[in-house]
There are 2 protein chains.
Amino acid sequence: MLLYNGTVSIDVQTIESALGLLGQQGSYRILRALLEGPLRFGELQERTGLLPRTQSLRLKEMMAAGWVTRHQFAEVPPRVEYRLTDKARALEPVLVEVERWAERYA
Amino acid sequence: MLLYNGTVSIDVQTIESALGLLGQQGSYRILRALLEGPLRFGELQERTGLLPRTQSLRLKEMMAAGWVTRHQFAEVPPRVEYRLTDKARALEPVLVEVERWAERYA
DNA sequence: CCGTATCCCACGAGATACTG
DNA sequence: CAGTATCTCGTGGGATACGG
């Protein structure tokens, strides 16, 4: 399905899947937290307040969508870091606009 | 839960519920369609391609969220129009940013 | 430390049929 | 025309427990 925006035709599927993922519980929190920099699973959890299971699911979806990458370090104790891709960082303006909207219409 | 944005503290609940609704299937299509102007249920359906049931549910949620109003006319045949509130129209910049993102990262 | 497994429940979507 | 009713199925969340 294609919509016409005024200047370009836009792919509704792409937008819906992005909005769908963003609308999942916790996605916004994860995104906001990781915009500050890479975090470990536990550190992330402190900031998001998500259950391990939920955060794990969300991270997997975000990895599948190419928003997050996982970096595992061969250390003891084991260390894992999650960081955003450029694609995900490029969503920041979207968040800014939502936040601006929320400020006004909360 | 509150996050600090740099300049203002933002209410995560509000943002998540907005993103949650936006992420529901069809919400984006409904919003985009109604930004052009008020539409009847059937006209809207032609543009969104949603099942009656789904569109009906979505419209109810959007009404509950104060995004859409319903106007019923005492005519024969019956006529109903849906239109966006200012609150919903104010979401357009969000859509614009998502669309800009989708153009680049599709 | 970083998750996965399991159980249970609730909601959401698709399809089809039907009504004020 | 503008929806609702019903059924069926799959997915997602909460909680708790456990494994590499």
Side-chain angles (χ1 to χ4, degrees), chain A residues 1 12-13 15-31 33-34 36-65 67-84, chain B residues 1 12-13 15-31 33-34 36-65 67-84:
Chain A
M1 189 180 198
V12 175
Q13 315 286 1
I15 293 168
E16 285 196 338
S17 84
L19 288 175
L21 183 42
L22 257 157
Q24 289 289 63
Q25 96 152 31
S27 289
Y28 170 74
R29 298 178 192 201
I30 292 175
L31 218 42
L34 291 182
E36 306 297 317
L39 289 173
R40 311 174 63 167
F41 190 90
E43 295 170 331
L44 186 55
Q45 208 185 340
E46 288 170 19
R47 286 163 176 79
T48 61
L50 299 173
L51 290 170
R53 172 187 149 87
T54 307
Q55 179 165 294
S56 175
L57 287 172
R58 210 67 344 117
L59 285 170
K60 273 185 186 157
E61 293 167 5
M62 295 173 90
M63 286 190 275
W67 292 12
V68 168
T69 52
R70 191 188 125 110
H71 303 268
Q72 186 158 2
F73 299 91
E75 300 176 0
V76 182
R79 191 158 67 95
V80 177
E81 261 186 18
Y82 292 94
R83 57 180 72 207
L84 297 181
Chain B
M1 190 181 196
V12 174
Q13 315 286 2
I15 293 169
E16 284 195 338
S17 83
L19 287 174
L21 182 42
L22 259 167
Q24 289 290 63
Q25 99 151 28
S27 291
Y28 171 73
R29 298 178 191 201
I30 292 176
L31 217 43
L34 292 183
E36 307 296 317
L39 289 173
R40 310 172 63 167
F41 190 90
E43 295 170 331
L44 187 55
Q45 209 185 342
E46 287 170 19
R47 286 162 176 78
T48 61
L50 299 173
L51 290 170
R53 171 187 150 86
T54 307
Q55 180 166 293
S56 174
L57 288 172
R58 209 68 344 116
L59 285 170
K60 274 184 185 156
E61 293 167 5
M62 294 172 90
M63 287 190 273
W67 293 12
V68 169
T69 53
R70 191 189 125 109
H71 302 269
Q72 187 159 0
F73 299 92
E75 299 177 1
V76 182
R79 192 158 66 95
V80 176
E81 262 187 17
Y82 292 93
R83 57 180 70 210
L84 297 181

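Owing to the predicted nature of the structure, the values given are computational and were not obtained by experimental measurement. Protein chains get the first letters and strands the later ones, always in sequence-line order, with residue 1 at the start of each. Worth knowing before you read on, the calculation uses all heavy atoms, side chains too, and leaves out hydrogens, waters and symmetry mates.
dG3(D) atom C1' lies 13 Å from atom CG of Leu44(B), rounded to whole Å. One atom, CD of Gln72(A), and another, P of dC1(C), lie 15 Å apart when rounded to the nearest Å. Gln55(B) has its CD atom 10 Å from the C1' atom of dA2(D), to the nearest Å. Rounded to whole Å, atom C1' of dG10(D) lies 14 Å from atom CD of Gln25(B). Note: CD (Glu61(A)) to C1' (dT11(D)) measures 11 Å, nearest angstrom.
For Lys60(A), a side-chain nitrogen or oxygen approaches OP1 or OP2 of dT4(C) to under 4.0 Å. Using a 4.0 Å cut-off, no side-chain N or O of Arg58(B) falls inside it from OP1 or OP2 of dG3(D).
Nearest to the side-chain atoms of Thr54(A) among the listed nucleotides dA2(D), dG14(D), dG3(C) stands dG14(D). Closest contact between the side chain of Val80(A) and the listed nucleotides dG3(D), dC2(C), dG13(D) involves dC2(C). Looking at the side chain of Arg53(A), the nearest of the listed nucleotides dT4(D), dG12(C), dG14(D) is dG14(D). Here dC1(C) is the nucleotide among dC1(C), dA13(C), dC1(D) with the atom lying nearest to any side-chain atom of Arg40(A). Side chain of Ser56(A), nearest nucleotide from dG3(C), dA13(C), dG3(D): dG3(C). Relative to the side chain of Leu51(B), the nucleotides dG13(D), dG3(C), dG14(C) differ in distance, and dG14(C) lies closest. Considering only the side chain of Pro78(A), dC1(C) comes nearest among dC1(D), dC1(C), dG3(C).
Looking at Gln55(A) and Thr48(A), their side chains do bring a donor and an acceptor atom within 3.5 Å of each other.
Considering all non-hydrogen atoms of both residues, Gly26(B) and Arg58(B) come closest at C-CG, 4.5 Å.
When heavy atoms are screened at a 4.0 angstrom cut-off, Phe73(A) is found touching no nucleic acid atom at all.
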